[in-house]
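Everything numeric here is computed off the predicted structure, so don't read it as measured data.
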Amino acid sequence: MSRITLTPSQTQFETQADETILEAALRQGYNLPNACQSGMCGTCVAQVVSGEVQMGEYDDCALTDEDAAAGMVLLCACHAQGDVVLDLPAYEGAKAIAPRTMPARVAHIDVRGKMALLRLVLPKSPPFKFYAGQYADILYKGTVRSYSLANAPSDNGVMEFHVRLREGGVFSPALFSGSLKVGDVLRVRAPLGAFTLNENSDKPLIFIATGTGFAPIKSLLHHLRDTQPSRSVHLYHGARDAAGLYDEAALRELLYQLPNARYTPVLSRADDAWQGARGYITEHVLQDYADLSGYEVYACGSMDMIRGSKQAFVEQRGLPETAFYSDAFTPYV
Ligand code: FES
């Protein structure tokens, strides 16, 4: 057993030999920054201050050789070799909301083609709190599926998820086929993840989302409406076709409440009837903004989109690396 200490939060927990540092932290209720949990995205990066860790497999894009040589590690891909002190300023320690497992009743299922909007209600006590942008694990018939919360943190006791139909899966087919019904009770574990808004800033925001990556962005928009309604925001939502803009009516209603909001839907395979932007959202951001040095970008979608947009915005438009916040997801089967 090894003891892990995180600075500057002074959080301490123990790890077993057979678990990664991230697994140990989550098991004990410490909600450290993470997304892919497989060494692909770089969200869980930390700096070793003292002690040794053994790194397993990871993608070079998540941690460069230079960063590794400088003592940086991915918490989802490393095992402690004795006691370790790690610098992880992104983790707020006691201020972070501890995740818990709880029952949740299905209140509403709205199937829209291959997308479904699912609303769950939670027990009133103790009240459920989360930060906009976080996600929940849904525990269903022995599987665990992670979905971002799409609603406002101010919606007491409610969770909204956007679920794409994945043929051959367990959870999404149950939702689309009707075998999971209003009134059924699931178990959920939440809140999880660290894709949250930097509220110590008033920089203009660019939100980019592809597919159901729109869900956490919608939650961030709700939160902006509740806390910083005048903050400038430009949302790009990318999809293959118009059906991929599955929640546009609710989005437009939300944007109406944000006086400095712009919205650019971008379709990659639009039919001739489409009057709006075509292609890929990264290209449209590059076309629209010559200089991103004074912006913050929040990106949610596929790993490829996130990697490509970060590289382009940092290298071509001067976006500070620390001003790029992302939540990458891997589709479930
Ligand atoms: Fe660790 Fe993605 S690289 S969570």
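- Judged purely by atom type and a 3.5 angstrom limit, Q134 uses its side chain to pair as donor or acceptor with the backbone of Y131.
- For the side chain to side chain contact (heavy atoms under 4.5 Å, CB included) test, residues two or more places apart in sequence or in another chain that qualify with D241 are A243.
- Hydrophobic side-chain contacts under 4.5 Å tie Y256 to no other Ile, Leu, Val, Met, Phe, Trp or Tyr residue.
- Looking only at side-chain heavy atoms (C-beta outward), S148 and S219 stay at 4.5 Å or farther from each other.
- For the pair R225 and S154, the tightest heavy-atom approach, listed with the atom from each and the gap, is NH2-OG, 4.5 Å.
- By the 4.5 Å heavy-atom criterion applied to side chains, V106 and V121 are not counted as neighbours.
- Across every non-hydrogen atom of S293 and P320, the tightest pair is O-CD, 3.7 Å.
- Y236 and V233 fall into different hydrophobic clusters, defined by Ile, Leu, Val, Met, Phe, Trp and Tyr side-chain heavy atoms under 4.5 Å apart, directly or through other members.
- For the salt bridge (Lys or Arg N to Asp or Glu O under 4.0 Å) condition, the pairs that include at least one residue of residues 286-308, sequence neighbours left out, are D59-R307, R231-E296.
- With sequence neighbours excluded, the residues that form a side chain to side chain contact (heavy atoms under 4.5 Å, CB included) with R164 are M115, R166, T212.
- Following chains of ILVMFWY side-chain contacts shorter than 4.5 Å, one cannot reach L192 starting from V188, and the two form parts of different hydrophobic clusters.
- Shortest non-hydrogen contact noted between V158 and N151 is O-ND2, 3.0 Å.
- Every pair passing side chain to side chain donor-acceptor pair (under 3.5 Å) that includes a residue from residues 183-194 is listed here, sequence neighbours excluded: T101-R189.
- The shortest distance between side-chain heavy atoms of F171 and L180 falls below 4.5 Å.
- What you find for S230 and P259 is that their closest heavy atoms are CA-CG, 4.4 Å.
- Test T11, T43, L88, L86 against L32 for side chain to side chain contact (heavy atoms under 4.5 Å, CB included) and you get one pass: L88.
- Within the 4.5 Å cutoff, the side chain of F324 has heavy atoms near those of the S309 side chain.
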Please output the side-chain donor-acceptor pairs of residues 44-54 that fall under 3.5 Å, not counting sequence neighbours, one pair per line with the distance.
unit_1 : atom_1 : unit_2 : atom_2 : d
Q47    : NE2    : A70    : O      : 2.8

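- Under the side chain to side chain donor-acceptor pair (under 3.5 Å) criterion, the residue pairs touching residues 261-284 are H234-T264, E248-Y263, with sequence neighbours excluded.
- Note on residues 311-323: pairs passing salt bridge (Lys or Arg N to Asp or Glu O under 4.0 Å), not counting sequence neighbours, are K310-E321.
- Applying the ring pair (Phe, Tyr, Trp, His ring centres under 6.0 Å) test to every pair with at least one member in residues 14-60, sequence neighbours left out, gives these pairs: F13-Y30.
- A pairwise comparison of heavy atoms in A215 and Y246 identifies N-OH, 4.2 Å as the closest pair.
- In this structure, the side chains of F128 and N156 stay at 4.5 Å or more apart for every pair of heavy atoms.
- In this structure, A98 has no side chain to side chain contact (heavy atoms under 4.5 Å, CB included) partners at least two apart in sequence or on a different chain.
- Hydrophobic clustering keeps V285 apart from Y325 (ILVMFWY residues linked when any side-chain heavy atoms are closer than 4.5 Å, directly or through intermediates).
- Transitive grouping of hydrophobic side chains (ILVMFWY, heavy atoms separated by less than 4.5 Å) keeps I217 and Y135 in distinct clusters.
- Residues M159 and R119 form no side-chain contact, since every pair of their non-hydrogen atoms from C-beta on lies 4.5 Å or further apart.
- The stretch residues 78-90 participates, sequence neighbours left out, in these side chain to side chain donor-acceptor pair (under 3.5 Å) pairs: T7-D87.
- For D110, the side chain to side chain contact (heavy atoms under 4.5 Å, CB included) partners two or more places apart in sequence, or in a different chain, are H108, R112, L117.
- Between C76 and N34, the closest side-chain pair of non-hydrogen atoms is not below 4.5 Å.
- A donor-acceptor pair under 3.5 Å is formed between the side chain of Q28 and the backbone N or O of E14.
- Residues F313 and I206 fail the side-chain proximity criterion, which asks for heavy atoms closer than 4.5 Å.
- Aromatic rings from Y295 and Y289 are positioned such that their centres are separated by under 6.0 Å.
- One hydrophobic cluster, built from ILVMFWY side chains closer than 4.5 Å, holds both I306 and V266.
- The environment of CD in E253 is sparse: at most 12 heavy-atom neighbours from other residues, nucleotides or ligands sit within 6.0 Å.
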